[in-house]
Amino acid sequence: MAHGKTSFVCLPCRASYKQPFPGLGLDERLCPRCAQPLVHVGSAFAAPRRRDRAGWRTLSVLLHAGVRFHKSCCGGPGYRPRSLGEVRARMAYARRTGEAFSTALVRRELP
């Protein structure tokens, strides 16, 4: 049986690739277009369209905050903001309350 695959992204190229899970002898992944390192985002990831600049900016903020898209016990990665407005609201909430950015970004509703 073949091993499962997971998603990796190249932020400068705005490209997503399915590759075998890390730890199978392939830990350092490079983008085939620009040779920059790929970021492991998880198996429950759906990439925005390449021309969707706002979607890729939102994704970049999430990835730099340490948020990934791994499956949980219930089948999905949970809530992830899809627009820059949602990201800004959650970052303002995190600054106001002192909560970590990564925790505020995955919060479904703001109190």
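Positions are given from 1, in the same order as the sequence printed here.
Between P81 and T58, the closest heavy-atom pair is O-CG2, 3.6 Å. When all heavy atoms of A65 and S102 are compared, the closest pair comes out as O-CB, 3.4 Å. Taking both residues in full, the closest heavy atoms of S60 and L11 are given as OG-CD1, 4.1 Å, listed atom of the first, atom of the second, then distance. Contact record, C34 with C13: SG-SG, 3.5 Å, taken as the closest heavy-atom pair. Closest of all the heavy-atom pairs between L59 and P48 is CD2-CD, 4.4 Å. For F21 against K5, the heavy-atom pair with the smallest separation is CE1-O, 3.8 Å.
No option in V39, L62, V106 other than V39 meets the side-chain contact (heavy atoms from CB on, under 4.5 Å) test with R68.
Once rounded to the nearest 0.5 Å, the distance linking OG of S7 with NZ of K18 reads 3.5 Å. A distance of 5.0 Å separates OG of S16 from CZ of F45, quoted to the nearest 0.5 Å. One distance of note links CZ of R96 with CD of E99; it measures 10.5 Å at 0.5 Å rounding.
Between V9 and L38 the shortest side-chain heavy-atom distance does not fall below 4.5 Å. Two residues are said to be in side-chain contact when any heavy atoms from C-beta on lie closer than 4.5 Å; R49 and R14 fail this criterion. Counting only heavy atoms from C-beta outward, the side chains of H40 and T6 approach each other to under 4.5 Å. Between V41 and F8 the shortest side-chain heavy-atom distance does not fall below 4.5 Å. Using a 4.5 Å heavy-atom threshold, the side chains of V67 and R80 count as touching. For the pair R29/P37, no side-chain contact is recorded, criterion being any heavy-atom separation below 4.5 Å from C-beta on.
A side-chain donor-acceptor contact under 3.5 Å links R90 to the backbone of R108. In terms of modelled atom types and a separation under 3.5 Å, the side chain of W56 and the main chain of A47 share no donor-acceptor contact. When atom types are taken as modelled, the side chain of T97 and the backbone of Y93 share a donor-acceptor pair closer than 3.5 angstrom.
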Quiz item: How far apart are the C-alpha atoms of Y17 and R33, what are their side-chain angles, what is the distance that settles it, and do they pass the side-chain contact (heavy atoms from CB on, under 4.5 Å) test?
Solution: CA-CA 11 Å; Y17 303 98; R33 289 178 164 194; 3.9 Å; yes
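Residue-environment remark: CZ (R107) exceeds the threshold of 12 foreign heavy atoms within 6.0 Å.
Between the side chains of H70 and S43, no donor-acceptor pair of N or O atoms lies under 3.5 Å.
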